[in-house]
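To start, the structure under review is shown below, and the notes come after it.
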Amino acid sequence: MRDRVTAFDPGLLRLAAGSRTAGSIALTLMVLGALHAPVPHLVAGAIASMAATFAIREKARSRQAVTLALCLPVALVSVSLGALLNSRVVVGDIFFVLVIFSAVYGRRFGDRGNALGLIGFQIYFMSLFVGATPATLPGLYLVLTVAFACSALVRFVIVYETPAGVLERLREAFRVRLAQLVSAQLELLDAGPDEVDKVLETVRRRTARLHETALMIQGRLQEGTSDESVARLVQRRIAGAEIAVERLGLLLLSARSSERADTLTLHLPGAPLPSGVRLPVREEATDTVRRDLRALRMLVLRPVGAGGGTAMPHVRNRLLGYRDEENLPPASAAVQDVFRGIGETARAVLGLRVALDGPQDESDDTPATTRSREELDAEDAAIEGAEADEREPAQAAAGLRRPTTRAAVQVALGSSLAIVGGEFLSSQRWYWAVLTCWIVFINTSSTGEILVKGYRRLLGTVLGVVAGIVLAGLVGPHTWPALGLVLVFVFAMFYTAPLSYTLMSFFVTAALGLLYTLLHTYSLAVLVLRIEETALGAACGIIAAAVVLPVRTDRRTNELLVTVLERLADVTGAAVEQLSGGPETDLLDQARDLDQALSDLRSAVQPLTHPITPLRARRDTAQYLLALLETCAYHARSLAATAELLPTHPSIAADPRLRRACARITHNIAALTAHVTDEHSGAEIETGPSIASLLETGGVPGTPRYGRITDRVLRHLQRLDESVAGLARPLGIRVPTPKR
């Protein structure tokens with residue numbers, strides 16, 4: 001059960017966020033209740049405590065403390081202006097728009113600027129919600145002080161969280177998700193014809209989750225480790241384990257096919273198994289694969305030294321022995337590849353354990369295990385001696401082209417429309433339309449993203465209104481049970497926020513129904529009005545995004561696609577250059593830049609791949625394009641990981657001929673980039689013989705395929721060449737017909 005929770009919530013980040021926010025509100029309500037504060041002040045304290053908790057996004061505790069201290073005076077000024085301008089309609093509305101503009105524009109100043117802007121907006125909104133007046137300001141000052149103090153107490157004492165602790169939990173989540181992926185691969189080995197598509201989808205999903213956890217760890221390494229060399233070591237081991245287990249899945253696909261499997265199958269949603277699929281032959285070698293996959297999963301879940309006597313070292317030694325050709329069981333070439341993949345994955349798990357848990361007992365090591373340890377030690381020494389790659393930051397856009405400025409102008413104009421329209425719907429509740437308009441702009445970059453977010457918020461609001469009607473009838477005027485349910489909904493809101501914006505909106509609206517009940521302003525008409533105001537605010541946000549300085553989804557995705565292609569060219573070119581005997585570079589950082597660029601593209605493409613989109617053909621094209629890019633990224637990561645082994649492995653030698661093999665790939669990536677940047681570009685895709693034939697290796701018959709590094713590199717280059725050429729069709733680039 002612990003492992004399931006760990007895998008479902010990596011690092012327990014959502015649990016910590018929900019507990020921190022709900023705990024802060026509960027403590028605030030307890031203090032205000034002891035002071036016999038009236039119900040409006042209880043509601044104000046709950047809103048202020050929630051805002052003071054979720055606005056702080058910085059990772060370092062010292063910076064969190066400074067930001068929280070700066071937020072209190074901003075909150076006091078905001079509630080004062082809200083109370084003073086509440087009765088002045090025109091001036092108050094104009095100032096509210098300025099507050100919204102400043103809150104969005106503050107994002108350009110990083111997490112602290114974003115936090116100060118959020119506090120300014122949320123506290124001003126709170127003053128409107130509770131009907132603040134100049135006479136109530138002294139009491140509200142006390143409420144805000146209590147709320148911020150309780151938020152600080154919960155953050156820094158009760159729900160104590162350090163960067164090192166978060167990183168430790170994330171690494172534990174990576175371990176569990178790695179074991180879950182091995183379990184899915186074991187199911188793939190035994191799945192029947194009717195089950196294989198479902199199991200393959202599980203493998204894809206768990207591969208994506210493992211990759212997501214690796215990116216989360218990457219974002220926490222700097223704050224969570226003692227020095228740069230430790231961070232680089234953990235980064236290398238995480239990447240190695242990720243690549244090894246993903247490659248093991250591809251080898252299992254090959255073993256299930258009468259022909260070599262197309263690596264695209266792993267990444268393309270809904271794709272069938274490769275041609276010539278058959279059930280695995282029930283032979284002794286297949287039974288051994290099944291046994292060893294279970295052993296690998298056990299090795300991941302229960303490392304050596306965690307109990308089990310000599311059994312665990314025996315399991316580890318047997319799996320690592322598959323890295324030597326003489327230890328491979330007699331089987332077909334495809335099944336022997338699986339054994340090699342199991343051996344490489346076991347080595348990656350060993351390296352991960354050494355990096356995370358330190359030195360281990362070596363008394364039971366076999367020669368194969370000793371060799372693996374020596375290779376890992378040599379890699380560790382090379383990593384510790386490497387220097388970080390210093391790169392010049394990209395030049396940011398200026399003026400209205402800057403995303404924060406453009407979004408601030410858009411949301412200010414959209415909020416102005418929402419204020420005017422909201423006043424027509426209700427002179428007392430107009431601010432709900434403004435809140436929705438403001439929220440749909442948070443963490444969005446294109447008109448399509450805003451449209452999808454507006455739709456999700458409206459859907460969650462409608463469902464939340466239904467729940468609010470039921471709960472208001474059950475709770476009635478009972479203050480503390482209602483506040484207890486509000487705490488539950490606040491926890492659920494923050495726990496589900498990264499998973500589903502619709503669920504978050506549902507819990508917010510249900511909690512608001514209870515707050516309205518406490519303020520004695522609840523009625524069915526009020527909740528229906530909330531739906532109307534939400535729809536109006538979403539519409540105003542969409543109109544502002546579409547008319548004022550619009551960023552079309554196509555333009556946004558094209559920009560991100562160019563970034564992905566540029567990162568792909570950087571990683572591939574640098575890796576092949578190093579494998580050809582060139583100078584060493586920081587390949588893992590470049591590979592993670594590629595992963596992050598691909599993650600950004602995946603988020604931006606969501607409007608095109610959303611189930612409600614009417615453009616089915618575009619949705620299929622976008623999914624196919626993402627699948628090909630995932631394949632390219634996998635092979636680029638594998639090339640980078642192999643290149644980093646070059647200085648420390650005596651069995652790996654540089655091959656200058658690889659430069660010639662990579663030339664066509666880099667040319668085609670440049671042609672794709674030129675076409676996406678300018679669709680009238682005349683760049684064309686080059687086709688020709690296989691990558692292996694370009695090298696004219698003339699291998700010796702009987703030479704072990706994995707005894708020479710060139711063979712593995714050629715496989716990745718060949719798949720990368722095929723995938724890059726495959727990108728031409730969905731992007732509309734003409735591919736010349738090869739001559740016979």
Side-chain angles (χ1 to χ4, degrees), residues 260-265 267-268 557-582 585 587 590-591 594 597-598 601 621-622 624-640 642-643 654-699 710-740:
R260 300 298 297 176
D262 183 359
T263 54
L264 174 62
T265 307
H267 302 101
L268 184 58
T557 54
N558 283 347
E559 291 174 352
L560 293 174
L561 178 57
V562 167
T563 302
V564 171
L565 292 173
E566 290 174 347
R567 298 288 184 270
L568 178 63
D570 292 343
V571 175
T572 305
V576 172
E577 179 65 23
Q578 187 163 322
L579 287 165
S580 302
T585 56
L587 293 173
Q590 293 187 37
L594 170 62
L598 189 55
L601 177 63
T621 300
Y624 183 76
L625 185 67
L626 280 176
L628 285 173
L629 290 172
E630 291 279 5
T631 300
C632 293
Y634 161 70
H635 291 294
R637 286 197 304 270
S638 299
L639 287 171
T642 305
D655 192 336
R657 295 172 297 174
L658 290 172
R659 288 192 183 95
R660 182 153 45 104
C662 187
R664 186 169 70 202
I665 297 175
T666 54
H667 168 83
N668 287 343
I669 294 176
L672 294 172
T673 305
H675 178 80
V676 175
T677 305
D678 180 11
E679 61 180 11
H680 300 294
S681 170
E684 291 186 355
I685 296 295
E686 288 185 0
T687 59
S690 67
I691 294 293
S693 66
L694 294 177
L695 265 69
E696 300 176 353
T697 53
T710 302
D711 183 59
R712 181 181 297 182
V713 171
L714 285 178
R715 292 187 184 187
H716 290 304
L717 286 174
Q718 181 63 39
R719 294 302 189 187
L720 186 58
D721 180 55
E722 295 169 357
S723 301
V724 169
L727 289 169
R729 185 177 65 82
L731 293 177
I733 304 177
R734 189 176 68 86
V735 180
T737 303
K739 297 180 180 179
R740 292 186 177 273

Q. Residues in side-chain contact (heavy atoms from CB on, under 4.5 Å) with Thr666, at least two apart?
A. Cys662
Q) Taking only residues two or more places apart in sequence or in another chain, which ones pass side-chain contact (heavy atoms from CB on, under 4.5 Å) with Cys632? A) Leu568, Leu720, Ser723, Val724, Leu727
If you take all heavy atoms of [X] and [Y], which pair is closest and at what distance?
X      : Y      : result
Gln578 : Ala643 : NE2-O, 3.0 Å
Leu587 : Ala575 : CD2-N, 3.7 Å
Leu561 : Leu731 : CD2-CD2, 3.7 Å
Ala728 : Ile685 : CB-CG1, 3.7 Å
Leu629 : Leu601 : CD1-CD2, 3.6 Å

Distance check, rounded to the nearest 0.5 Å: [X] atom [atom1] versus [Y] atom [atom2]?
X      : Y      : atom1 : atom2 : value
Leu628 : Glu722 : CG    : CD    : 11.0 Å
Thr677 : Asn558 : OG1   : CG    : 8.5 Å
Leu639 : Leu579 : CG    : CG    : 7.0 Å
Arg567 : Leu560 : CZ    : CG    : 10.5 Å
Glu630 : Leu625 : CD    : CG    : 10.5 Å
Arg664 : Asp721 : CZ    : CG    : 4.0 Å

Q: Could you list the residues that satisfy side-chain hydrogen bond (donor to acceptor under 3.5 Å, both in side chains) with Asn668, not counting sequence neighbours?
A: none
(Q) For the residue pair Arg729 and Tyr624, would you count it as a cation-pi contact if the rule is NZ or CZ under 6.0 angstrom from the ring centre and within 45 degrees of the ring axis? (A) yes
Q) Taking His667 for the side chain and Glu686 for the main chain, is one N or O donor matched with an acceptor at less than 3.5 Å? A) no
Would you say that [X] contacts [Y] through its side chain, given a criterion of any heavy-atom pair below 4.5 Å between the two side chains?
X      : Y      : value
Ile665 : Ile669 : yes
Thr563 : Glu559 : no
Thr631 : Arg719 : no

